[in-house]
There are 2 protein chains.
Amino acid sequence: MPTRCKDCPLHCKPLFQPQTDAETTFMQQFKRGELQVQAGTTLLLEGAASPQLYTVLKGLGLRYKTLEEGQRQVLNFAFPGDLLGLQSALMGEMSHSAVASTDMVLCVFDRGGLWDLFREQPGRGYDLTYLAAQEEHFLGDALATIGQRDALERMSWAILKLWRRAEALEMTEGDSVALPWRQQDLADALGLSLVHTNKTLARLKREGVITWQEGRLRMVNRARLAELAMAEDGEIITRPLF
Amino acid sequence: MPTRCKDCPLHCKPLFQPQTDAETTFMQQFKRGELQVQAGTTLLLEGAASPQLYTVLKGLGLRYKTLEEGQRQVLNFAFPGDLLGLQSALMGEMSHSAVASTDMVLCVFDRGGLWDLFREQPGRGYDLTYLAAQEEHFLGDALATIGQRDALERMSWAILKLWRRAEALEMTEGDSVALPWRQQDLADALGLSLVHTNKTLARLKREGVITWQEGRLRMVNRARLAELAMAEDGEIITRPLF
DNA sequence: CGTCTTATTGACATATTTCAACAAAGGTGG
DNA sequence: CCACCTTTGTTGAAATATGTCAATAAGACG
């Protein structure tokens, strides 16, 4: 039996803004069901018109674009609470693909109901715009990092982003967190070769900043990581949960 | 005297979707006035809470982020019809800056009215989300290009994007268009050094693909450029004009 | 026991950056 | 009108970060 929106396990996480009862009720009737998928499943395909809009309920994934010559650019990593498929819902087709990196559970919404949502729940429409703008913000940061910084700085930035995200979702256990991604995923996210990614990661370990073994990232010297990442490491900015 | 929305010179351009009379009327009363600025003027500043939302009416600009060590990443180039300041309106502060590259005229909207807009004109709210999602789409493409491709391909991609944009706004004259940006702007957009940008541009000229002198870009071999850019060069995708 | 995936490491190749110098154009003040 | 300065573009040579190639190791799995 699917999770009811009022029992959603994500609301209580520090990452999300509170929701009114009216909103939760509306989301409940807007929700079509739940989708359970295995690790490795393609959730969305670039160019395809996905009929559905998803919110990640459990598990981790990633979004990527594939270029003509087979290269892959990872755009970002998908965590619980992330919305997938908004572009398709709005523009008719996806500009990127998405894949499950672990087993996942997704809330399914019908894209056809989007128009009603804007009409009947302007606050929810506003929130959708907010989420799109926040994604734009993130991609701008990523672009600046990849366009302007060297491998060690890029890697530190990405790891700090992952860590802070996991922390805001209470997925961390002490100074470590389980993450399913391979070095190849990191390499494709950072615009680096696999070999250079490995060597850069090795350097971060050697210098006592982090460790990352058997799918578990461990924060050894967070201050140093933040310094290398040149990113703020202060309060989490909350966002609406859709 | 400011341009009235129903006389807006942009509606007739092929880039934009038609607007209903009701929408135009609403935008007219939502519009606060017009801002005229000289080339070089900073329109928005990263981190600042701009009280206003702008639409470019005339002229060209660019959006950028500045990193700690003074490096600059150009996120994109602003053309007529582009919305500036949405992030600040939604999230309280800008994640990037914007500057006028030529003299510009901007329509000014009050960010405080945004909430009313979502309530009273759900279609306009939907359009705002669409625009934010489209910007996200663009940044994803840019990230993939900069992360995965070499200098010649990046440059070709950027030039084709600029050309197609100008074309959709009927700014081109035959096979050429006037563009105000310097090689340094291109370099900062593509994540390349100024020197390498210059040499890459020289190569495109030498091979008879384009010329770019005295602020005027000329398309010499568009098919070849599109091939290098590995980007679609078909129909323009229209978007709402805000 | 093979086969696959992932991680690791060294040697070498190369794209891009950095440094440095110069040229052309425009503005400004004497 | 001329000297001077700033901005922008151009070019060559040297330095370096990153990519590519190749080989090995370790674990998972049938």
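Every chain is numbered from 1, with letters handed out A, B, ... down the list of sequences.
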Salt-bridge criterion met for B:K13 and B:E167 (N-O under 4.0 Å): no
Any side-chain heavy-atom pair of B:Q36 and B:D103 under 4.5 Å: no
Closest to side chain of A:N198, choosing from D:dT8, C:dT8, C:dT17: C:dT8
Sugar-phosphate, base or nothing in reach of A:G215, heavy atoms under 4.0 Å: nothing
Residue among A:D188, A:L190, A:L194 satisfying side chain to side chain contact (heavy atoms under 4.5 Å, CB included) with A:L192: A:L190
Euclidean distance, atom CG of residue A:L201 to atom P of C:dT9 [Å, nearest integer]: 11 Å
Atom-pair distance (CZ on B:R154; P on C:dT16), nearest Å: 7 Å
Sugar-phosphate only, base, or nothing, as touched by B:L194 at under 4.0 Å among non-hydrogen atoms: nothing
Nearest-neighbour nucleotide for the B:S193 side chain, D:dT11, C:dT18, D:dT18 considered: C:dT18
Candidates C:dA15, C:dT8, C:dT9 - which lies nearest the side chain of A:V195: C:dT9
Nearest-angstrom distance from the residue atom CG of B:L217 to P of D:dG9: 13 Å
Test item: A:W157 and A:R149 side chains (from C-beta on) under 4.5 Å apart, heavy atoms: yes
Whichever of B:Q184 and A:L152 has its nearest DNA chain D nucleotide further upstream toward 5': B:Q184
B:Q183 side chain, from C-beta outward: closest of C:dA15, D:dT10, C:dT17: D:dT10
Spacing of B:R203 atom CZ relative to D:dT11 atom C1', expressed in whole Å: 17 Å
Any N/O donor-acceptor pair, A:K199 side-chain to C:dG10 base, under 3.5 Å: yes
Residue A:R182, side-chain heavy atoms: nucleotide from C:dT6, C:dT18, D:dA22 that is nearest: C:dT6
